[in-house]
Amino acid sequence: MSAPATLLAVRDLNVYLAESHILQGVSFDVRAGGITGLLGRNGVGKTTTLRGILGLVPRTGSVVLEGAETTKLAVHEIVRRGVAYVPEDRDVFAGLTVEENLRLAERAGAPLRYDLVYELFPELEQRAAQKAGTLSGGQQQMVALARALLNGDNRILLVDEPTKGLAPLVVRHVVEALRRAAEVATILLVEQNLSVAHSLVRDVIVLDQGRVSFIGDVDQLMGDAALARRHLGLAAAGSH
Amino acid sequence: MTTIALLLITGLGLGALYFLIAAGLSLIWGLMRVLNFAHGAFFTVAAYAGWSASGLVGGASPELQWLVAVAVAVVVGGAFATLTEVVLIRPLYARHVGQVLVTVGLALATISLVQGGFGSDPKRLALPAWMTGTTTIVGANIPNTRLLVIAFALAVFALLIFFLRRTRFGLIVRAGVENRAMVQALGIDVQRAFTLVFAIGGMAAGLAGILAGTYYGTIDPGRGTSMLIFAFIVVIIGGLGSVTGSAVAAIVVGVLQQFLNFYGAAGVGDFSVVLLLAIVLLVRPGGFSGAST
Ligand SMILES: Nc1ncnc2c1ncn2[C@@H]1O[C@H](COP(=O)(O)OP(=O)(O)OP(=O)(O)O)[C@@H](O)[C@H]1O
Ligand SMILES: [Mg+2]
């Protein structure tokens, strides 16, 4: 069986923020299709890795998307090549309505998937005229995911802790949405809820203090309690 | 009663001029975090360009002369602002001290160039006869220029609100005022919105320049700078990034200034505006409006 194509190749990514060396030569591949997990303890550089891929932080190294180097491009140019971002703190535009948040994400020339978005999140259609700032955390997460799903030509979604701070019922909704999203785009998922991560991802990259400490299969990592504890810390011990 | 009506409408006229300057300043700050001290230079250069153009068509009717002055001022204000953004501001994004120095420097250099070229004496702007007349409102003879300036400011306010609420660029500007990085992360070239907002701000400042010439009857090199100071106060009181906030604050500041300068000792009006600024900063640090329109 031939190995699935590499969609995104990160090589020797280095990021300095305020004089600290946050990412210290991070390298990994993301296979096309499915969900790849980017895991690790608090503060190890997961968010910074996603922001580095997008060019939202100054970085050195190489980020190759479908064979093309992207690190010389502006943020909006990288995004237009099909990289969507669902940030950790959701970053919906609070003063804009739900409908305006989605309209802003529309990209000229891209096939728009409003049908998929409203099928996954019917609430967003009902609340189209509501200011995003007045939504619940779960609803804001839906807006953030919807913005990323909307453009049909997105190649990869960078999704940062989408279940953080959400009630269990909403977590299940988000997990279901991610599963559906993975059918239409590749996802690089940062997720601290390890049971959620385990149920969704196939390949895993673990970061530790700005370096890659593990690359492999999710079952291999989660199936070995000692290995999981070593890479993911105490959190891994309590989850299944 | 007649005095109150006169002071009120004169104050509204002054507020209208402040608004035209403040709206651009507010959007520029909200979107780019640039304190644009060069805004007074846009005002002044545009006013002199309009005045010169009106002289060039000196044979035409005063109405046409005035319209030419307005059109030229708007175009020159917009062009000067666009050039400033592209050449001076763009290379300095995120370098705030550099931006302050560059815009202050540009303002000072421009004012002295204008002074060198045109002299410091005020220049009389040719006005159609009806503008120098008055209209009687509740017994007060209101100079028509006051009403004209107010009408222009209302039109610009309506246009800006339409632009912000109904166009895609407006959507980008409102979102950018909230979170610039996330706008980029949606694949939008924020830089283009920056340039456009500078152009719009410059056009409004240019209009303010020629309308101030209409309101006071003359154009001089120093007015842009003194009005800029009050416009900055309006921007802060109104809430940075908010056009509606600027409009409300401009009315409050203009009217307050007129009334207190009339009923109080000289300078009390100006001082009270600064006092109002201090109070607003203490009570509502975000200004009248924290919102993005
Ligand atoms: N703007 C910044 N300036 C300086 N240091 C920063 C900045 N942003 C993040 N850091 C530091 O970089 C490190 C990595 O942060 P990052 O947010 O990437 O971690 P993370 O793995 O996403 O953490 P979490 O699980 O808490 O979300 C942390 O130690 C953090 O304190
Ligand atoms: Mg993080």
Side-chain angles (χ1 to χ4, degrees), chain A residues 47 50-58 70 73-110 129 131-134 140 143-144 146-151 153-155 157-160, chain B residues 26-27 29-33 86 90-96 160-197 238-246 286-293:
Chain A
T47 297
L50 299 189
R51 295 175 65 82
I53 292 169
L54 281 161
L56 284 169
V57 290
T70 62
L73 302 174
V75 175
H76 71 270
E77 291 167 329
I78 295 174
V79 173
R80 284 180 193 175
R81 296 199 171 191
V83 184
Y85 185 36
V86 182
E88 187 170 4
D89 40 15
R90 288 140 202 168
D91 284 347
V92 299
F93 298 99
L96 271 50
T97 64
V98 169
E99 190 261 334
E100 286 174 329
N101 268 274
L102 296 183
R103 192 143 45 83
L104 193 67
E106 289 179 6
R107 217 156 44 226
K131 286 254 159 64
T134 66
Q140 293 192 358
V143 172
R147 285 191 309 206
L149 282 170
L150 189 59
N151 293 295
D153 58 0
N154 275 340
R155 314 291 298 135
L157 317 185
L158 309 178
V159 184
D160 200 348
Chain B
S26 185
L27 284 179
W29 170 266
L31 189 61
M32 305 175 229
R33 296 293 181 269
V86 172
R90 194 174 290 182
L92 291 174
Y93 276 120
R95 279 189 261 166
H96 293 288
L160 280 175
I161 292 298
F162 176 83
F163 164 81
L164 284 170
R165 302 237 172 108
R166 292 277 174 268
T167 68
R168 179 159 176 89
F169 252 124
L171 190 59
I172 292 170
V173 170
R174 282 189 291 147
V177 166
E178 268 192 50
N179 185 342
R180 210 162 74 189
M182 194 59 219
V183 172
Q184 288 175 283
L186 291 177
I188 293 161
D189 182 2
V190 156
Q191 189 73 62
R192 277 173 56 200
F194 290 179
T195 311
L196 187 75
V197 162
L240 293 155
S242 164
V243 168
T244 310
S246 284
F288 286 170
S289 133
S292 54
T293 50

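Numbers restart at 1 for each chain; the letters A, B, ... are given by sequence-line order, proteins then strands. Just so it is clear, the values below take in all heavy atoms, side chains as well, and ignore hydrogens, waters and symmetry mates.
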message: Given heavy-atom pairs under 4.5 angstrom as the criterion, report whether the side chain, backbone, both or neither of A:Ala105 touches chain B.
response: both

message: Give me the atom names and distance for the closest heavy-atom approach of B:Ala185 to A:Leu56.
response: CB-CD1, 4.4 Å

field: Heavy-atom check, side chain of B:Met182 versus side chain of A:Asp89, under 4.5 Å
entry: no

field: Contact class of A:Arg103 relative to chain B, heavy atoms under 4.5 angstrom
entry: both

- prompt: Backbone N or O of A:Leu104 within a donor-acceptor pair of the B:Arg168 side chain at under 3.5 Å?
  reply: yes

- prompt: How long is the gap from CG on B:Leu186 to CZ on A:Arg80, to the nearest 0.5 Å?
  reply: 11.0 Å

- request: Considering non-hydrogen atoms only, spot the tightest contact between A:Leu96 and B:Arg174 and give its length.
  value: CD1-CB, 4.0 Å

task: Take atom CZ of B:Arg192 as the centre, draw a 6.0 Å sphere, and report whether it contains more than 12 heavy atoms from other residues, nucleotides or ligands.
output: no

query: Of the non-hydrogen atoms in A:His76 and B:Ile188, which two are nearest, and what is the gap between them?
result: CB-O, 3.3 Å

- line: Scanning both residues in full, the closest heavy-atom pair of A:Phe93 with B:Asn179 reads CE2-O, 3.5 Å

- line: The interface call for A:Ala94 against chain B, heavy-atom contacts under 4.5 Å, is both

